[in-house]
Amino acid sequence: MTLNQLLKAAWGGLTLIIAMAGEATALDGKAIFAEKCASCHNVTGPAPTTLQGVLQRKAPDLFYAGSKFKREWLVRWIQSPTPIRPSGVMFLNHLVTKDGKDSINKETVKLCSSKLSAPDAEAVADYLTTLKDSKMRVGVVDRGKKFSTSRAVQLFTKQYPCIGCHTVKIRNKEAGGVSGPPLTDAGDRLNPDWVYARIENPQYWDPKTWMPKIDLSHEKRETLTLFVVSPK
Amino acid sequence: MKRFAVALGYIIAATALSPASGQAEPAEVIYKLYCVQCHGTAGTGQGINQTAGGLAVSARDHASAVQMSKLADDEIRLAIAKGGDAVQKSELMPPWGKVLTGKEIDDLVVYLRKLCQCVVAK
């Protein structure tokens, strides 16, 4: 064996070792999810079809996470979960009634107990972004499109009942109900096309959601979507 | 062929994002899932959206015989199916006609009459 051959063989061995090491350290988001997240989140579907099922759901369904969420937001949130819904995943599980008045028992609303490292969060976010709904239309909403905020506020708060359940920021002031998730930071969290599709047919995503299905024109749905995802 | 393509288009349009079917539920379950968020567990109009200050117009007190006896069954049915706007009330009351079946709405009316322990005043 010449020196040249020896060097080639050594180089070959080295690259093989590097490749193998790379393989071993490439993080498997699906496996991490299975270990850290799958005991609460559903990634296979379908969503519950009975009230009983809805009451037993521990965390939001993620089988369409890739259509719903923005990857950057997922990466951040998975590393440091913060409360999103003040009424929990399902408000009925956290009600206290006193003198005929309902309120939320904050002590029973539990925050996600998993907290992942940055590399693990990246891997899980990569995995979640693969979980896409095949029927959802994409490219429907152009986030940069101009819209009338005053018309959007009119639709959101007066003409349709959105504000009854969702908290939003209007003129720097938070307002709205609490049985649905707050939408104050929805633009960071949600894909505009999903917001549009969710307004279009809430029961497609979640047959027993407590959000009403209301027929709206494309223009109204688009205006509401742009308002919901616009920076507040 | 063209006709076939048009028909296929209709089928695709009809199936796009069609709701996954939830199972039919009795009236008390329907009330819990859709009504309690604003009208409250006790039906007094003091649900979490009301007590959190989300509703600019108060949710109706379903437990009040005085208020509820003013409403005919058909008016209640219309308010549930088409929303507050259809009965000259607040748009904050959503239309549920695309979510609930006619039978479920009829059952809800019966349930509401139990909550108020009242009938419509003649």
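In what follows, every chain begins at residue 1, and chains take the letters A, B, ... in the order their sequences are listed. Only heavy atoms go into these numbers, but all of them, side chains included; no hydrogens, no water, no symmetry mates.
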#### Entry: Residue part contacting chain B, namely of Ile104(A), when any heavy atom lies under 4.5 Å
both
### Proximity breakdown for Met90(A) and chain B, heavy-atom pairs closer than 4.5 Å
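The side chain, not the backbone.
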Under 4.5 Å, counting heavy-atom pairs only, tell me which of [options] racks up the most with chain A.
{"options": "Leu92(B), Val57(B), Asn49(B)", "answer": "Asn49(B)"}
{"options": "Leu100(B), Val29(B), Asp85(B)", "answer": "Val29(B)"}
{"options": "Lys32(B), Gln50(B), Gln46(B), Met93(B)", "answer": "Gln46(B)"}
{"options": "Leu33(B), Ile30(B), Leu55(B)", "answer": "Leu33(B)"}

Using a cut-off of under 4.5 Å on heavy-atom pairs, state which of [options] scores highest against chain B.
{"options": "Asp215(A), Leu95(A), Leu55(A), Thr157(A)", "result": "Asp215(A)"}
{"options": "Pro86(A), Gly100(A), Pro46(A)", "result": "Gly100(A)"}
{"options": "Gly176(A), Ser87(A), Ala175(A)", "result": "Gly176(A)"}

### Task
Of all the heavy-atom pairs spanning Gly40(B) and Asp102(A), show the shortest one and how long it is.
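Here Gly40(B) and Asp102(A) meet closest at CA-OD2, 3.3 Å.
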#### Entry: Non-hydrogen atoms of Pro94(B) and Pro212(A) that approach each other most closely
CB-CG, 3.5 Å
### Task
Answer yes or no: is there a side-chain heavy-atom contact under 4.5 Å between Lys101(A) and Thr44(B)?
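SC-SC contact between Lys101(A) and Thr44(B) ruled out.
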### Query
If we only count heavy atoms from C-beta on, is the Val36(B) to Trp210(A) side-chain gap below 4.5 Å?
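Not touching, per the 4.5 Å side-chain cut-off.
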### Query
How long is the span from the CG atom in Leu51(A) to the OH atom in Tyr34(B), to the nearest 0.5 Å?
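OH of Tyr34(B) is found 9.0 Å from CG of Leu51(A).
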### Query
Measuring from Glu91(B):CD to Leu155(A):CG, what's the distance to the nearest 0.5 Å?
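Rounded to the nearest 0.5 Å, the CD-CG separation comes to 11.0 Å.
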### Query
Relative to chain A, which segment of Ile48(B) carries a heavy atom at a distance below 4.5 Å: side chain, backbone, both, or neither?
both
### Task
Identify which part of Val99(B) has an atom lying under 4.5 Å from any heavy atom of chain A, answering side chain, backbone, both or neither.
side chain
### Query
Short question: side chain of Gln37(B), backbone of Cys165(A) - any donor-acceptor pair under 3.5 Å?
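Pair absent, no side-chain N/O of Gln37(B) close to backbone of Cys165(A).
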### Message
Check this for me: Glu219(A), atom CD, are more than 12 non-hydrogen atoms of other residues, nucleotides or ligands nearer than 6.0 Å?
### Response
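Correct, the count exceeds 12.
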### Task
Answer yes or no: are there more than 12 heavy-atom neighbours, outside Asp99(A) itself, under 6.0 Å from its atom CG?
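Atom CG in Asp99(A) is not packed in, count stays at 12 or less.
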